Amino acid sequence: MGWIGETIDSIKSLQIRQVLTQAVSLGMIVTSALIIWKALMCITGSESPVVVVLSGSMEPGFKRGDILFLHMSKDPIRAGEIVVFNVDGREIPIVHRVIKVHERQDTGEVDVLTKGDNNYGDDRLLYAHGQLWLQRHHIMGRAVGFLPYVGWVTIIMTEKPIIKYILIGALGLLVITSKD
């Protein structure tokens with residue numbers, strides 16, 4: 001019975017080692033993803049270097065589900081540029097085109113007015129109550145590139161959370177049952 005007991009203990013310790021190895025590997029993957037995200041933030045100068053277009057307000061240029069790559073430089077923002085901005089009191093950033101630029105004479109700071117290409121009017125109704133212009137701190141970045149339709153994965157998982165949970169469960173099951 002001593003030999004059988006040792007064999008069972010050996011198998012149990014192997015499984016524990018295997019689980020620990022998989023946990024460390026998962027931790028390294030998550031850590032690597034965070035490091036890459038932080039590096040992109042530093043390189044692009046944007047707090048969110050990649051965003052998904054969530055509405056049709058910028059059609060035909062950008063469609064719902066497109067992924068935009070952002071960059072934020074010190075250059076002044078010009079009319080015609082596509083920017084992503086946050087509005088006070090709203091969580092979700094907005095992707096729209098700058099239609100007017102207003103330079104303050106006293107400080108030299110630039111304020112901008114935006115509009116979706118597919119919208120009838122400007123965005124003043126989207127801004128915080130009483131706000132007529134966006135300041136530089138509202139702007140997360142300028143669109144410098146895009147990938148069409150790739151963001152649909154994010155949209156589907158946000159709108160139908162059950163799919164997200166099924167996917168996470170399947171990946172967890174895959175990690176648990178893998179033998180490598």
Side-chain angles (χ1 to χ4, degrees), residues 29-168:
I29 290 168
V30 170
T31 303
S32 297
L34 290 173
I35 289 171
I36 290 169
W37 185 259
K38 288 292 186 183
L40 283 173
M41 287 174 65
C42 292
I43 291 167
T44 64
S46 175
E47 65 188 75
S48 182
V50 178
V51 295
V52 176
V53 178
L54 298 175
S55 75
S57 67
M58 285 301 291
E59 289 183 2
F62 299 119
K63 294 179 177 36
R64 188 169 192 243
D66 290 353
I67 288 185
L68 298 182
F69 300 102
L70 306 182
H71 186 268
M72 191 64 189
S73 64
K74 301 285 184 200
D75 297 334
I77 296 167
R78 295 182 202 89
E81 289 184 315
I82 295 170
V83 296
V84 176
F85 60 92
N86 279 323
V87 175
D88 297 334
R90 291 185 182 222
E91 282 185 36
I92 299 173
I94 300 170
V95 178
H96 281 175
R97 188 178 305 276
V98 175
I99 59 170
K100 286 186 184 176
V101 177
H102 176 261
E103 185 174 347
R104 295 186 201 169
Q105 296 299 330
D106 53 347
T107 62
E109 291 180 19
V110 174
D111 297 335
V112 299
L113 179 63
T114 57
K115 175 188 173 296
D117 290 354
N118 201 21
N119 293 351
Y120 292 109
D122 63 37
D123 289 342
R124 287 188 171 144
L125 292 175
L126 296 175
Y127 300 164
H129 182 70
Q131 183 179 0
L132 300 176
W133 300 87
L134 292 175
Q135 285 79 42
R136 183 133 183 133
H137 71 273
H138 292 111
I139 297 173
M140 296 171 58
R142 299 175 171 110
V144 293
F146 78 104
L147 281 174
Y149 308 113
V150 178
W152 270 105
V153 174
T154 303
I155 292 172
I156 289 169
M157 286 197 289
T158 302
E159 290 180 355
K160 305 209 183 299
I162 189 72
I163 294 173
K164 178 173 34 179
Y165 300 130
I166 289 170
L167 184 63
I168 290 171

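This structure is a prediction, so every number in the text was calculated from the model and none was measured.
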When rounded to the nearest 0.5 angstrom, what is the spacing between [atom1] in [X] and [atom2] in [Y]?
X	Y	atom1	atom2	value
W37	S48	CH2	OG	4.0 Å
D117	I99	CG	CD1	10.0 Å
M157	I163	CE	CD1	9.0 Å
L126	R90	CG	CZ	5.0 Å

Shortest non-hydrogen contact from [X] toward [Y]:
X	Y	answer
A143	L68	CB-CD1, 4.3 Å
M140	M72	O-CB, 3.9 Å
L132	Y127	O-CE1, 3.7 Å
I43	H71	O-NE2, 3.9 Å
V84	P93	CG1-CB, 3.6 Å

side-chain contact (heavy atoms from CB on, under 4.5 Å) for V98 and L113? Distances and angles first, verdict last. CA-CA 6 Å; V98 175; L113 179 63; over 6 Å; no
Would you check if [X] and [Y] make a side-chain contact, meaning some heavy-atom pair closer than 4.5 Å?
X	Y	answer
V50	I67	yes
V112	I139	yes
H138	N86	no
N119	H96	yes
V52	I155	yes
L70	P49	no
L134	T114	yes
I77	R136	yes

Under 4.0 Å between a Lys/Arg side-chain N and an Asp/Glu carboxylate O for K115 and D123?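 Salt bridge: no.
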Can a donor-acceptor pair be found, under 3.5 Å and without considering hydrogens, that links the side chain of [X] to the backbone of [Y]?
X	Y	result
R64	L54	yes
D122	R124	yes
E159	I156	no

Would F69 and T44 satisfy side-chain contact (heavy atoms from CB on, under 4.5 Å), going step by step from the backbone distance to the final call? CA-CA 9 Å; F69 300 102; T44 64; over 6 Å; no
Ring centres of F62 and F146 under 6.0 Å apart? yes
Partners of H102 by ring-ring contact (aromatic ring centres under 6.0 Å, His included), sequence neighbours excluded?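 Checked H102 against ring-ring contact (aromatic ring centres under 6.0 Å, His included); matches are W133.
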Side chains of R142 and S46, donor plus acceptor under 3.5 Å: no
Side chains of S57 and S55 only: does a donor on one sit below 3.5 Å from an acceptor on the other? yes
Before you tell me yes or no, could you show the steps for R97 and M58 under side-chain contact (heavy atoms from CB on, under 4.5 Å), namely the whole-Å CA-CA distance, both residues' side-chain angles and the distance that decides it to 0.1 Å? CA-CA 8 Å; R97 188 178 305 276; M58 285 301 291; 4.3 Å; yes
